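To start, the structure itself, in structure tokens.
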Amino acid sequence: MSALHTYSKKELMNLITGKLRRNFGRDVEEATSLHMFKACALVLRDIINERQLATEDRVSTEHLRQVHYLSLEFLMGRSLMKNAYNLGLLAPLTAAIEALGFSAPDLFETEPDAGLGNGGLGRLAACYLDSMTTLEVPATGYSICYELGIFKQKIVDGQQVELPDDWLGLGDAWLIPKMDETEEVRFGGKVEDVWDQSGHHVKHTGYDTVLAVPKDMEIAGYATQHSNVLRLWDAKSPTPVDMDLFSSGQYLKAVEQQAMAETISKILYPEDNHYEGKSLRLKQQYFFVSATIQSIVRKHRAEYGTLRNFHQKHVIQINDTHPTLAIPELMRILLDEEGYGWEAAWHIVTHCVAYTNHTVLAEALERWPQQLIQTLLPRIWQILTEISGRYQQELTDYFHGDLSKVAPMAIIWGGEVRMANLCVCACFKVNGVSALHSDILKKDVFHDAYLRTPEKFTNVTNGIDHRRWLSECNPKLDELIRDCGCGEYLLRPDALQGLERYKDDAGVLSRLGEIKAANKRSFAAWVARESGVVLNTDAMFDVQVKRLHEYKRQLLNVLHIISLYQHLKDDPHFSFTPRTYLFGAKAAPGYAVAKKIIRLINSVAELVNRDPACKDRLQVVFLENYRVSLAEQLMPASELSEQISTAGKEASGTGNMKFMMNGALTIGTLDGANVEMHQVLGDENIFLFGLKAREVAEMKQKGYKSYEYYVHNPDLKRVVDQLNLGFGDGAAYDDLARRLLFGDGGPADEYLLLADFESYRDAHVRAGQVYLDPTRWNQMSLVNIARSGIFAADRSIRDYAREIWDIPVRA
């Protein structure tokens, strides 16, 4: 591609002041920080837009195969600093902002996170967009333009309170509406078969229409002219106001249709523990995939005049099961609008759609009540019935009528539609996201499907955007890496291996320790400004930040902290390495147990932090409203990374990779990508503990009795008993104790916290001992950084391009 154009501080100043005048009618002296932010964003957007138009021309001229990445979540975080960094303009933009009389750090801080996701799934999608663009893969991401992203979390009296996250006030500076590319999505109504002289047709009547208006967020790649797009669909009513009703004074009823339509893109993931919530979530999924598939088809038909070659020019990657309805929707278009026969349509679909599975948890493998789909999506239901019937017949023939084999693999069974089974049936590739996870898919979750079609199944281990999560957020470490001769790591992450040459270099190790200490002080200052909490930076920063879920075992971490506290109270001279425990997590609003664990963390924090016996030795802090921008501050400062999920439950994890890349050491189970981290690190550079996935399965099969661990371990018994007694703040945790010992309508201690407690405690002792030897700790930290390149998203995207998409990437 042509050489990159650079902009000087002076040029950017002129562009920014021009935007302020033309778009906001302000001179610099009159502009607020909000005006200034939007002006800077619009300047960068114009630069990216030029590249996007050139990219579109190249893709069209060369008839390149395109990737369409469908994900109901894209956790983009902030974009101003990221885009400036990728464009090579961060330094001149910072200088321009300062020269115009504003503080660049403060301006970057004013941007709200684009929180269009819950956690790892959405953050992964954002990292992949960055890598696809940097590696010059012609790609488009698709999702919903949620008006309110993941909620803002407030902690009130120790409990999570959810507040709306209105990110669009400033975030819309990055969005380009494309009204002329609006698509129509239909819900409800009835479907009739019609035969006439030209053959069979399907007639859909009585439906409700919702308009899908695309709002494009253009993505800048690093050191490339190539640009890609994240297309976010906004839901609108075709008739915003019923004028007859409005004229008769029925004002609320007049805008009812508009309100119902716009509810679809109002909020990320409505609660689905009631019918209305299930209905809205299904509407979201179909709205987003229908608009997406119609858009892809429309552009393809305009370019080629036929869909016969559609599968040769497009790969539709389904990120988890949420976009699965793309399969019957593409069938609907091919059958009903293009007039293809079933076999021809099915050939196209099954050669262009691929599926990434992200979970082995049964409750997370989506199943929809068939009656809901019949009512909301009558034509899609007919197509699903046909796919299911044909697949079930194939399975029955293959397994010689053995329904015990057919039933678990069926698409429609027992009044439910199973989305993961539909993906396995229709997609030409199915991948897990770590070696262990993909192995579990083959041996357990989709075992019989794997035996039948082994060529479909592959693995692509997750990766992170190492430019954002190392170079951009940890500039002092980036400088050290460059000084050690590994500067090319930004485009060749494996170049980080060169750092290992310095593992015995006292000067480099000392500097690495100083960088970590400075990052800890910087993070502590940020926390003090945000919340008034003063962190003990002399203690080890022991960090667990991720979505709050029982299988991620934040509760195990808390049980260990309670044990440490009890030992301290028994013996003030009890010897252990001082710890500052940092938690960050949001619990799904309807997940009562997860919210109770958040309250427990805060109860324990209040008890520990006010007790003089713990001063300078033990501290517990819950970081409110964990989000991407907070993580960017925290990762460089972290020293011990808690990756302690029950073995066999975490598909991959990406937080573990971010910590590793920033030099934190991992205390963890052999779960998800921890397995591959252990493979590259060896026993000596990671603190492993706990049962392995096979041992977990065997223990559950034999009949796990958590009560026996409670009875036979006095320290553990005392900790669980403390849950029953509470922590002096009026909150009761006897329900959590019962859940661990006796279950709560399910198995006791489902995620084996008590079984792993002793091993976990021993691993903490080992970590604490190593921390007291700074040279050894820094050696392990350096080795972690040096061997982290394999977990860069660039490697993941190269794997997708080679193993699944059959698309060339930038050399």
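This one's a predicted model, so the numbers in the text were calculated from it and none came from an experiment.
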Quiz item: What do the steps show when you test N685 against N784 for side-chain hydrogen bond (donor to acceptor under 3.5 Å, both in side chains), and what is the final call?
Solution: CA-CA 7 Å; N685 293 300; N784 269 260; 5.1 Å; no

Minimum heavy-atom distance [X]-[Y], with the two atoms named:
X: L135; Y: D794; result: CD1-O, 3.5 Å
X: R511; Y: D483; result: NH2-OD2, 2.8 Å
X: P636; Y: N662; result: CA-OD1, 3.9 Å
X: S434; Y: N459; result: O-OD1, 2.8 Å
X: E111; Y: R78; result: O-NE, 2.7 Å
X: I219; Y: L230; result: CG1-N, 4.1 Å

Exercise. Test the R467-W469 pair against the cation-pi criterion, namely NZ or CZ under 6.0 angstrom from the six-membered ring centroid and within 45° of the ring axis.
Key: no

Quiz prompt | Distance flag, aromatic centroids of Y304 and F310, threshold under 6.0 Å | solution = no

Quiz item: Between F428 and H351, is the ring centre distance below 6.0 Å?
Solution: no

Quiz item: When C427 is tested against each of V349, V353, I316 for side-chain contact (heavy atoms from CB on, under 4.5 Å), which residue passes?
Solution: V353

Practice problem: Apply the side-chain contact (heavy atoms from CB on, under 4.5 Å) test between P323 and each candidate in Y69, Y142, F288; give the one that qualifies. | Solution: F288

Using a 3.5 Å distance criterion without hydrogens, assess whether the side chain of [X] forms a donor-acceptor pair with backbone atoms of [Y].
X: D130; Y: D465; answer: no
X: S131; Y: Y128; answer: no
X: N228; Y: V137; answer: yes
X: T224; Y: T134; answer: no
X: H300; Y: T306; answer: yes

Quick one, [X] and [Y] - any side-chain contact, counting heavy atoms below 4.5 Å?
X: Y355; Y: N431; value: no
X: S290; Y: E183; value: no
X: S781; Y: L512; value: yes

Practice problem: Apply ring pair (Phe, Tyr, Trp, His ring centres under 6.0 Å) to the pair F37 and F108, showing each step before the final yes or no. | Solution: CA-CA 8 Å; F37 167 79; F108 294 141; 9.0 Å; no

Quiz item: D57 and T55: side-chain hydrogen bond (donor to acceptor under 3.5 Å, both in side chains), yes or no, with the steps?
Solution: CA-CA 5 Å; D57 287 345; T55 298; over 6 Å; no

Quiz prompt | side-chain hydrogen bond (donor to acceptor under 3.5 Å, both in side chains) evaluation trace for E218 with S227 | solution = CA-CA 7 Å; E218 293 175 335; S227 176; 5.5 Å; no

Exercise. Please assess S295 against R231 for the test side-chain hydrogen bond (donor to acceptor under 3.5 Å, both in side chains), listing each intermediate value before the final yes or no.
Key: CA-CA 10 Å; S295 174; R231 171 155 286 194; 3.3 Å; yes

Practice problem: List the steps and the verdict of salt bridge (Lys or Arg N to Asp or Glu O under 4.0 Å) for E181 and K299. | Solution: CA-CA 10 Å; E181 296 184 35; K299 290 179 179 179; 3.3 Å; yes

